[in-house]
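Presented below is the structure to which this report refers.
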Amino acid sequence: MTERVVLAAAAMALAASSAYACEMKDDSAYTAAIRKATTEAYFSTELVDHLPWNSCVPAPDTYLGHIIGAPDVLDHVEQINGYMRLLASRSPRVRVFSMGTSEEGREMILVAIADEATIQNLDQYRQITARLADPRGLSETEAQALIQQGKPIYWADGSIHSPESGSPEMLMELAYRLAVEETPLIQTVRKNSIVLLTPVIETDGRDRFVDVYMYGKHHPDAMPYPLVWWGHYVSHDNNRDGITLSLALSKNVTKTYLDWHATVMHDLHESIPYLYISTGTGPYNAWLDPIVSSEWQRLAYYEVEELTRRGVVGVWTHGFYDGWAPNYLIWAATGHNAIGRFYETFGNRGADTQVRTLPANSTSREWFRPNPPLAKVKWSARDNINLQQSGLLLGLYNVASHGQEYLQNFYLKSRRAVDKARTEGPAAWVLPGDDARAGDQAVLLNVLRSQGIEISRADKAFSAAVPNVESAAIGGPAKAAEEKKAADKPKDASTTTTVKFPAGSYVIRMDQPYSRLADTLLDTQYFSTKDPRPYDDTGWTLGALANVKTVRVTDTSVLDIPMAKLTGEIRAAGGMQGAGHTTYLVNNNADSALATFRFRLANVAMEAAEEPFEAEGRKFNRGTFVIANADRGQIEGTARDLGISVFATDAKLSVARHALEAPRVALLHDWTSTQQDGWFRITLDQLKIPYTYLADTKVRETGNLREQFDVVIVPPFVRDLASAVQGLPMQGGHAMPWKSTPETPSFGASGLDSSEDIRGGLGYSGLASLERFVREGGLLVAVGESAALPVEGGMTRAVSLRPSQKLVCPGDVLLAGVEDAKSPIAYGYGEKLYLYYSENPILNVSLGFGGGGEDSASRSSGRGSATDPDVIQGRPYAAPEKQPKRTPREKELYVPEEARAYAGWRIPPANELPRVIVRFAEVGNLLVSGLLDGGSELAEKPAVVDVPHGQGHIVLFSNNPMWRNETSGSYFLLFNAIMNYRHLDAGNRRKAD
Ligand SMILES: [Zn+2]
């Protein structure tokens with residue numbers, strides 16, 4: 001925008017404001033109601049203890065029928081969005097934009113507020129921040145001119161977490177106040193900045209929470225409902241979707257961020273007392289520009305000081321959350337060179353006024369909390385509104401008053417991100433064009449694209465130097481050989497090896513504005529045991545978790561090779577090759593799209609090859625799909641659509657094979673917490689794998705599950721056997737239905753479940769049903785803690801769950817190896833794979849006879865060293881029996897010969913022995929990314945175990961194969977198990993014996 005345009009716009013605005021002659025006075029009734037609803041003067045400020053009345057613009061109470069922060073009432077999304085649109089229709093200082101809809105079709109909105117001139121020229125201001133966000137080709141003079149013309153954009157958003165219910169209410173009052181009030185503070189905000197407000201981030205969860213809350217108000221004697229589904233898929237974890245953006249809210253927020261480039265983004269949470277202002281304790285994410293950590297402190301301390309000056313009690317910073325993982329919603333800003341921050345105010349889980357008592361650890365005086373909360377206060381919804389709104393107004397004022405400094409920082413961070421390729425490095429990340437898993441590679445690249453990261457493609461082959469450290473190349477079946485090569489060289493980042501990349505390789509240049517986000521997502525993470533306990537996942541390396549190869553290239557010559565920036569969606573090339581007409585072969589490379597292919601062609605008979613084989617000189621992996629006598633057009637069309645390569649041949653195949661099924665899958669859930677199953681649902685829905693969402697209460701009432709299902713998946717929500725049997729306890733005296741009614745209009749939704757009574761859990765009959773289901777040939781898959789259901793339920797022999805004693809592994813990427821490559825569960829995988837693991841119980845396989853002298857390293861105290869023989873005095877030396885070196889598997893199955901005679905009954909027959917398919921790596925190689933301490937407890941322990949039971953199988957996962965949509969490299973372990981559920985004994989030597 002030229003200077004002339006700005007001046008012309010200002011003149012127009014002046015004309016508009018003179019037409020804006022509205023009567024103003026104090027809204028005495030509203031003001032009185034605020035004071036009544038505020039429990040203590042020190043829970044308010046002069047900024048929010050009143051409301052002006054305006055003859056042109058209606059205050060919230062005239063539309064809602066209550067003041068903001070009134071006791072015992074909350075509003076649905078329709079009312080909130082309706083009020084914001086009413087404001088926009090009455091005030092030239094307000095505009096409303098749609099951000100898109102939620103999974104269930106509820107709208108997310110963006111409310112823009114500024115003075116009239118600014119509102120009329122929003123597009124020009126957006127163009128300024130967009131140009132500063134991508135300073136490539138911008139001269140320093142041009143940049144400084146834009147910074148002078150521009151305005152900082154401050155985006156505050158409410159209620160990402162549905163029970164944290166005050167902020168959507170508060171944001172309505174804030175919008176009104178910003179639009180009409182004429183104090184110097186408000187005028188400064190309106191004139192010198194652009195305020196964006198999104199009143200509700202999680203719109204589906206908001207409506208359901210309001211239903212639950214208002215139902216409780218209308219039926220005070222009834223058992224309170226749990227908020228079974230917050231959003232459509234996940235609960236609190238909707239604020240952990242910032243990496244893969246798999247939820248509608250994350251997509252809408254990120255897209256909106258990239259449209260506006262807000263200088264600051266501010267989430268409003270409600271949990272701890274009374275107002276925590278984020279900086280976090282660190283360790284801060286190490287890929288970010290250090291400028292942002294100063295900005296976090298600067299913003300936080302201004303608000304702490306200003307509120308403390310006003311006598312507000314319990315406003316503090318620092319001692320909560322770390323700032324490490326890039327998976328929060330605020331990473332829409334933080335990951336794009338802006339400032340993401342948040343508040344935690346003391347929530348009410350509704351709008352009750354209650355006496356609240358606090359434990360000593362919340363009320364102690366600390367350096368970061370010199371004015372701590374009180375041990376006991378009466379706390380109201382309005383108190384929460386007052387603190388949120390006062391803090392936010394001060395934050396808005398601070399940024400508006402220093403707008404050019406914040407824009408300058410934003411520009412500088414953006415420019416230094418572009419410089420990164422040549423200053424701190426790396427120069428680029430390269431994803432080779434010949435990755436065996438082109439489908440999951442494309443998915444990963446599209447995730448990066450949805451984050452605004454540019455992907456380029458090199459048409460020709462090229463070479464580049466990569467550092468000789470093991471973490472330089474991550475993921476992918478091709479890694480093992482190269483690692484061996486690299487291991488021969490010193491592990492020193494300053495020495496390099498030249499690597500050849502084929503034509504068609506993808507290049508993610510680090511001389512682009514969002515290089516830091518790409519680098520943090522693809523790199524490996526080291527979280528020191530010396531740091532404070534982490535707040536969330538410590539490792540997330542996307543290439544490893546996707547089983548896709550990513551190479552960190554430090555050689556800046558890679559920036560000069562010919563490449564083209566890709567603009568559209570990236571798709572794996574698929575289709576048919578070969579001239580045959582009788583047999584179609586789909587190589588099993590564990591690419592997730594293969595499962596979609598199988599289920600889309602559910603009516604087409606397919607087989608799985610039990611051994612690797614060759615056809616017309618081509619090599620095919622174990623598990624390859626073999627399709628005979630099918631409709632060529634149908635196979636080819638589906639393959640092209642899904643990016644899958646099919647080879648058509650007339651070669652006669654002699655390889656052993658079995659039926660590959662598209663079975664009837666059930667996904668178990670309970671009625672207390674659906675978050676874990678939500679991550680499974682979102683992945684299954686994305687890949688279009690059909691399933692029935694099956695309630696624990698339904699299982700209890702279904703004697704013959706096998707009639708309806710082939711596979712039951714239990715995501716990791718079962719805390720222990722007792723909680724699964726009990727479920728939502730059978731109490732309260734009458735049924736608790738979960739369905740849409742006039743009182744609870746948001747309970748039902750397509751894709752969710754309903755019930756006439758959600759109480760009672762699995763019960764003993766449900767547990768028996770599941771056991772019978774497996775015995776009659778079904779497959780039960782139990783993930784993580786849910787392994788307790790079959791293990792403690794007595795369905796598996798020689799398997800136990802051990803709680804960890806010293807293991808610290810709070811969300812890591814770990815290395816594992818395929819131990820039983822002939823198991824169908826491992827089809828398509830190489831020797832190594834990378835798993836997401838987070839302090840689940842440790843799977844233990846043992847026949848209970850010890851490991852056969854495994855502890856031979858320790859000796860009795862005596863002369864010499866730890867390895868010297870123990871020479872007992874007064875008799876001739878007798879050498880001890882030499883202990884044979886046993887593999888972990890041999891230790892697990894160890895039976896001393898003599899035991900067969902006295903305890904044969906303890907040894908299951910060979911065909912019931914648990915089969916370890918995937919095993920965690922030895923302790924020295926276990927950690928790929930994250931914080932790991934006490935790793936020896938997990939090292940070489942089973943990760944995936946297949947246990948035969950009756951005619952069926954139980955497959956236990958110690959890792960989580962469907963975590964936050966990040967673990968596509970593990971999905972196929974689960975899909976293989978599902979599609980081969982009737983033939984999991986294939987390749988089992990013991991069974992054949
Ligand atoms: Zn929250």
Side-chain angles (χ1 to χ4, degrees), residues 74 77 80 102 108 155-171 197-210 212-213 226-243 247 249-250 252-253 265-281 296 300 314-334 340-352 356 362 373 379 381 383-385 387-389 391-392 395 534-537 673-676 678-679 811 964:
L74 293 173
V77 173
I80 296 165
S102 67
M108 293 172 68
W155 183 12
D157 64 86
S159 202
I160 180 172
H161 289 150
S162 305
E164 301 166 18
S165 56
S167 54
E169 307 284 334
M170 183 280 284
L171 289 169
L197 306 176
T198 294
V200 186
I201 290 284
E202 176 60 272
T203 48
D204 295 336
R206 169 70 182 185
D207 275 356
R208 264 191 288 277
F209 180 75
V210 174
V212 162
Y213 179 72
L227 185 55
V228 181
W229 291 278
W230 302 31
H232 191 77
Y233 286 109
V234 296
S235 308
H236 192 269
D237 262 14
N238 61 4
N239 196 27
R240 302 295 184 273
D241 185 42
I243 291 179
L247 303 170
L249 65 88
S250 313
N252 293 338
V253 164
M265 182 179 170
H266 187 147
D267 284 359
L268 296 162
H269 292 269
E270 294 164 33
S271 62
I272 49 179
Y274 297 122
L275 170 54
Y276 164 78
I277 299 178
S278 71
T279 59
T281 58
W296 287 329
V315 184
W316 54 288
T317 183
H318 177 77
F320 177 77
Y321 158 84
D322 53 17
W324 174 249
N327 55 12
Y328 305 93
L329 189 77
I330 48 173
W331 266 71
T334 306
R341 61 193 305 250
F342 66 93
Y343 282 174
E344 299 280 351
T345 48
F346 203 26
N348 299 56
R349 297 182 77 87
D352 294 358
R356 306 282 296 268
S362 300
W379 180 256
D383 295 337
N384 179 29
I385 302 287
L387 262 56
Q388 266 183 359
Q389 193 174 180
L392 193 48
Y535 192 72
D536 199 71
D537 281 350
S673 170
T674 57
Q675 172 151 289
Q676 293 294 339
W679 288 119
R964 294 178 175 170

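Quick note: numbers below take in every heavy atom, side chains included, and nothing from hydrogens, waters or symmetry partners. Both counts, for ligands and for their atoms, begin at 1 and track the order of listing. Positions are given from 1, in the same order as the sequence printed here.
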Next on the checklist: Taking N, O or S atoms only and a limit of 2.8 Å, check whether E270 reaches the Zn ion (ligand 1).
Outcome noted: no

Checklist entry - Parallel, tilted or perpendicular for F342 and Y276, by the 30°/60° rule? => result tilted

Next on the checklist: With a 3.5 Å distance limit and no angle check, can you tell me whether S159 reaches the backbone of E164 through a side-chain donor-acceptor pair?
Outcome noted: yes

Next on the checklist: Could you check whether any side-chain N or O of T674 sits under 3.5 Å from a backbone N or O of V228, counting only pairs where one atom can act as donor and the other as acceptor?
Outcome noted: yes

Checklist entry - What atom name does the N, O or S atom of H161 nearest to the Zn ion (ligand 1) carry? => result ND1

Item to check | N/O/S from H236 sitting under 2.8 Å away from the Zn ion (ligand 1) | outcome: no

Checklist entry - Salt-bridged, R964 to D537, with N to O below 4.0 Å? => result yes

Checklist outcome for this item: With rounding to 10 degrees, H269 ND1, the Zn ion (ligand 1) and E164 OE1 define an angle of 100°

